[in-house]
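Dropping the structure in here first, questions after.
Order of the sequence lines fixes the chain letters, A, B, ..., with proteins taken first and strands second; residue numbering starts at 1 for each chain.
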Protein chains: 2
Amino acid sequence: MGKVRNVLFIMCDQLRADHLSCAGHPHLQTPAIDALAKKGVRFPRAYVQSGVCGPSRMSYYTGRYVFSHGATWNRVPLSLREKTIGDYLQPAGIRVALAGKTHVLPDAEGLERFGIEGGSALAALMRAGRFEELDRYDGHSPPGSESGYAAYLAEHGYTSNDPWSDYVIAADGPNGEKLSGWQMRHARLPARVAEEHSETAYMTREAMRFIDQMGDKPWFLHLSYVKPHWPYMAPAPYHAMYTAKDCLPLNRSEAELADQHPVLAAYRRQEESVSFSRPDASDTVRPTYMGLIRQIDDWLGRLFAHLERLGRLDDTLIFFTSDHGDFLGDHWLGEKEMFYEEALRVPFIVYDPDPAADATRGSVDTRFVEAIDVVPTTLAALGLPANEHLVEGRSLLPLLRGGDSETWREAVFAELDYSFREARLILGRKPRECRAMMVRTDRWKYVWWQDFRPMLFDLAADPREQRDLGGNDVYAHVRREMEGRLSAWLKGRKTRVTVDDAYVEARTATHKKHGIFFGVW
Amino acid sequence: MGKVRNVLFIMCDQLRADHLSCAGHPHLQTPAIDALAKKGVRFPRAYVQSGVCGPSRMSYYTGRYVFSHGATWNRVPLSLREKTIGDYLQPAGIRVALAGKTHVLPDAEGLERFGIEGGSALAALMRAGRFEELDRYDGHSPPGSESGYAAYLAEHGYTSNDPWSDYVIAADGPNGEKLSGWQMRHARLPARVAEEHSETAYMTREAMRFIDQMGDKPWFLHLSYVKPHWPYMAPAPYHAMYTAKDCLPLNRSEAELADQHPVLAAYRRQEESVSFSRPDASDTVRPTYMGLIRQIDDWLGRLFAHLERLGRLDDTLIFFTSDHGDFLGDHWLGEKEMFYEEALRVPFIVYDPDPAADATRGSVDTRFVEAIDVVPTTLAALGLPANEHLVEGRSLLPLLRGGDSETWREAVFAELDYSFREARLILGRKPRECRAMMVRTDRWKYVWWQDFRPMLFDLAADPREQRDLGGNDVYAHVRREMEGRLSAWLKGRKTRVTVDDAYVEARTATHKKHGIFFGVW
């Protein structure tokens with residue numbers, strides 16, 4: 001065990017916090033992830049800044065809330081102005097590499113405006129959010145996209161113009177036809193790809209290859225799985241490892257459908273919610289979702305063993321988390337954009353090799369963590385400047401190494417911009433009228449909706465969020481207090497992005513030094 | 001009279017709204033500006049977004065609040081990401097030129113990060129906030145700065161290494177010594193520069209030259225005077241045109257010094273406030289301040305006559321305004337950063353040559369105007385896209401051309417970041433703890449101060465803002481309502497800057513078109 005020199009930032013896509021055995025799932029077994037939690041600290045109250053891939057990931061990579069980085073939904077490019085972990089680590093000589101998904105979209109208009117040429121090294125970095133793309137693979141990518149996975153499949157005998165559609169998310173039908181994983185009703189069938197050639201297997205090996213290559217040189221690796229995100233189809237044997245009786249019970253009731261919030265009602269009319277509201281949907285999809293998680297765990301077991309053999313567990317900080325959860329039918333919803341716990345609460349485990357963290361190993365810390373804490377924790381662990389004028393998260397090192405809890409945060413925040421979704425059309429709204437902001441404290445969860453009534457849940461009395469108190473007069477004082485928290489949070493957004501605090505300190509009340517003598521009598 | 005083809009955006013520096021004869025000043029005469037008001041519309045309730053040059057100007061140039069553009073104080077560069085009027089007009093083939101001051105600081109770190117080379121044309125535009133600098137002159141500039149004014153002075157016989165310090169802001173003392181305009185006690189003395197060689201004269205001629213050169217080609221010219229900003233020293237005869245009895249009475253009382261707000265108290269300890277609190281300061285400075293305004297008016301008279309001769313009054317939209325006011329001893333303050341009317345309310349006259357505006361000529365419109373309205377008014381007048389995903393102001397065209405008043409704004413907003421000021425040191429605060437935000441409605445002005453009690457003024461009962469009700473329990477409900485307005489305003493900031501609304505519209509619920517079939521049963 002020793003000082004942190006490398007960082008392994010493992011992310012799953014759409015993995016719920018409650019789908020790990022160490023988090024209490026009664027039937028799903030995740031021994032490798034559990035073992036990591038035993039070596040590190042598990043944070044069961046970790047929240048993402050958005051229940052959508054793109055904005056959530058941009059918060060992870062920038063250390064800033066969605067309101068600050070501005071990439072409010074999947075199709076919104078991150079502004080070139082925003083700095084990511086690559087900006088912070090590369091100048092220190094640390095390679096910042098990606099194996100898997102980031103969902104970074106190039107800010108094409110910015111590149112053109114700044115005259116950054118398409119073929120330059122700078123353009124490549126800028127287009128990738130400052131990650132060096134070992135293998136960029138966002139999943140459900142068209143043939144010919146950047147990843148080497150399609151070529152890999154071809155090499156291994158999966159002959160097709162679109163091997164992903166024909167093998168990875170396809171199953172054999174009873175009459176020799178191919179059945180697509182895009183249809184959730186096929187989720188229980190085995191994929192036509194062999195397990196060792198699946199996305200999860202491929203990307204884990206990419207990560208191991210990079211770590212091998214790096215030897216003793218410092219690195220930050222973002223290993224970013226596209227699973228257990230849809231399409232829900234697993235290769236054998238994972239497709240059949242679980243059954244309906246192994247699944248967590250659905251968290252939904254008829255009562256939720258009375259007096260629905262208008263935006264929630266619109267989301268429930270979207271196809272994914274209609275499909276997941278079928279009586280048979282959850283039992284069909286969840287076992288495969290669990291199989292895909294179990295597969296990730298098996299590969300992480302191999303990866304962690306590999307790190308141990310190399311001695312890298314002695315100097316590598318490891319994060320394990322997800323970009324958001326998945327309703328899987330809970331609350332009569334599919335997908336993840338609403339502000340329920342199933343979407344916003346994610347697995348979060350940190351392994352810190354430093355001996356200073358020995359006292360917390362294997363512990364569970366119930367303090368609030370946010371996705372934006374990954375960047376500041378990384379900077380602190382590597383001894384790099386905190387860049388507090390930009391970074392809005394907090395370093396977890398004091399928690400990992402036995403710090404003071406009294407000044408820790410009392411609330412977490414998340415946002416939604418539903419302007420790209422059908423819900424906007426259902427509600428007849430314009431693209432800039434689709435904002436929502438959430439604040440969650442120990443007891444309350446409050447959601448402000450632009451032009452609609454708020455939502456409020458009492459998590460002490462109603463931890464399953466079955467009773468929306470947003471329109472209940474009895475709770476007006478709670479809503480007011482939560483609105484005050486939102487307002488204070490907004491006022492604190494870091495918008496002075498061009499200069500840091502040291503710059504300000506060095507230039508405070510120094511006008512006379514610069515030959516400016518205003519106010520002198 | 002005809003359609004708008006050109007825009008003349010005239011700005012004074014530190015000119016109070018009440019220092020024009022058309023605004024009711026009883027002794028100061030500003031006939032040229034008054035004549036413009038007669039041809040156009042005067043808006044007596046126009047507010048800047050910050051009482052400091054830099055942030056206020058960046059709001060004028062971007063059409064965005066300070067919270068959005070992030071250049072929170074004079075020494076904070078505008079992020080390269082922010083678009084200015086130049087970005088909007090140059091692609092339409094309109095030259096966007098500057099004669100005078102902008103206070104734009106280059107975002108040096110951004111230029112380096114984006115690899116924009118120092119000598120390139122793009123770099124020059126980016127360093128200048130997308131203005132083409134005919135003559136960039138920010139005032140109190142060191143010798144050798146970009147302006148041609150120093151060379152001009154040398155040509156005209158003002159021989160010195162620093163002709164500005166030795167002639168423009170210097171007066172002859174009784175014993176042959178030079179007395180500096182930096183000392184306010186010298187304000188009544190005539191400057192050693194001849195009037196026709198002064199800053200105001202020089203810059204007006206630069207503007208006329210540009211307009212001549214352009215002929216019938218379209219242009220946007222920012223004529224930006226550095227006066228009547230300090231140093232307060234006027235060339236003859238303007239130094240002696242007014243006396244103490246011509247000045248507006250001081251707006252201050254002993255009562256204001258009881259139970260002072262902590263930040264206000266700190267500002268009153270700064271040198272400019274101490275100096276302006278002297279009994280003789282206002283009577284010494286204000287007559288010269290008035291003389292400098294009168295001089296601008298005389299030159300504007302020549303400029304407007306020139307435009308008329310050229311026929312340019314038929315196709316040129318003209319704005320006349322200022323970046324903020326000047327306390328000149330009111331409220332026991334110098335300078336302008338606090339949120340009183342003397343600082344935030346500015347002259348605002350718009351002349352629209354379009355016949356559609358004939359009905360409003362010579363009228364006074366008391367609806368609220370903000371500095372951020374200049375960009376959208378310009379875009380609307382020229383028939384260019386509104387860029388509503390970025391621009392936060394509103395076009396004034398409906399007001400100029402007889403539009404609906406019922407949906408107009410009910411409040412104006414301003415901000416302060418006092419981290420660069422001595423007040424921060426007096427209060428013992430850190431650079432990111434110095435924020436304030438103001439909202440003003442018809443009746444109330446409310447200021448939120450980070451970590452201090454708010455301020456509140458009842459402008460109906462107390463138009464001179466002599467009684468701060470920020471700590472008075474009786475007004476708790478008003479403060480709550482105003483806090484709600486601030487919060488709603490913050491929630492509306494336009495942070496999704498990389499894509500416009502049309503982009504969103506074209507990509508709403510289109511995933512199936514892109515081969516993504518999530519949620520299908």
- Message: Looking at every non-hydrogen atom in both residues, tell me the closest pair between A/L122 and B/G115 and how far apart they are.
- Response: CD2-N, 4.0 Å
- Other residues, nucleotides, ligands: >12 heavy atoms within 6.0 Å of A/R127 CZ: no
- Toward chain B, the part of A/T284 with a non-hydrogen atom under 4.5 Å: side chain
- Message: More than 12 heavy atoms of other residues, nucleotides or ligands under 6.0 Å from CD of B/E433: yes or no?
- Response: yes
- Task: Pick whichever of A/T495, A/L105, A/D500 has the most heavy-atom pairs under 4.5 Å with chain B.
- Result: A/T495
- Message: Using 30° and 60° as the class boundaries, would you call the ring planes of A/F114 and B/F114 parallel, tilted or perpendicular?
- Response: parallel
- Among A/D87, A/V499, A/L111, A/V285, which has the most heavy-atom pairs under 4.5 Å with chain B? A/D87
- B/L425, part contacting chain A, at a heavy-atom distance under 4.5 Å: side chain
- Message: As an exercise, state the distance from CH2 of B/W521 to CG of A/D280, rounded to the nearest 0.5 Å.
- Response: 4.0 Å
- Only residue of B/R432, B/R424, B/R429 satisfying salt bridge (Lys or Arg N to Asp or Glu O under 4.0 Å) with A/E505 is B/R424
- Task: Could you tell me which portion of A/E82 (side chain, backbone, both or neither) has an atom closer than 4.5 angstrom to a non-hydrogen atom of chain B?
- Result: backbone
- Heavy-atom contact with chain B under 4.5 Å, split by part of A/D501: both
- Look at B/K83, B/R480, B/M437 and state which one has the largest set of heavy-atom pairs under 4.5 Å with chain A. B/K83
- Message: For the backbone of B/R75 and the side chain of A/Y503, can you confirm whether one donor and one acceptor N or O come within less than 3.5 Å of each other?
- Response: yes
- Specify which of B/M126, B/R278, B/E335 makes the most heavy-atom pairs with chain A at under 4.5 Å. B/R278
- Item | Presence of salt bridge, A/R81 and B/E109, under 4.0 angstrom | yes
- Note on the structure: Whatever's closer than 4.5 Å to a heavy atom in chain B on A/W73 counts as neither
- The interface call for A/F276 against chain B, heavy-atom contacts under 4.5 Å, is neither
- Query: Within a reach of under 6.0 Å around CD of B/E112, are more than 12 heavy atoms found that belong to other residues, nucleotides or ligands?
  - Reply: no
- Residue from A/Q450, A/E272, A/R421, A/R113 scoring the most non-hydrogen pairs under 4.5 Å with chain B is A/R113
- A/E481, CD: over 12 other non-hydrogen atoms inside 6.0 angstrom: yes
- So do the side chains of B/L78 and A/T498 get within less than 4.5 Å of each other, counting heavy atoms only? no
- Note: vs chain A, highest number of non-hydrogen pairs under 4.5 angstrom among B/A488, B/A281, B/P231, B/G110 is B/A281
- Message: Quick check on the interface: out of A/G334, A/A509, A/P77, A/S180, who has the most heavy-atom pairs with chain B under 4.5 Å?
- Response: A/P77
- Query: Any side-chain heavy atom of B/F67 sitting closer than 4.5 Å to one from A/R493?
  - Reply: yes
- Shortest non-hydrogen separation from A/S419 to B/T508 and the atoms involved: O-OG1, 3.3 Å
- Heavy-atom check, side chain of A/D417 versus side chain of B/R496, under 4.5 Å: yes
- Which atom pair, heavy atoms only, marks the closest approach of B/S487 to A/E483? OG-OE1, 3.7 Å
- Based on non-hydrogen pairs under 4.5 Å, which of A/V274, A/V66, A/I116 is most in contact with chain B? A/I116
- Query: Would you say B/I516 and A/W230 make side-chain contact, with heavy atoms under 4.5 Å?
  - Reply: yes
- Message: Let's test your reading of the structure: which of A/Q183, A/Q270, A/E422 forms the most heavy-atom pairs below 4.5 Å with chain B?
- Response: A/Q183
- Task: Pick whichever of B/K491, B/R435, B/H514 has the most heavy-atom pairs under 4.5 Å with chain A.
- Result: B/K491
- Message: Less than 4.0 angstrom from a charged side-chain N to a carboxylate O is my criterion; do A/E271 and B/K512 meet it?
- Response: yes
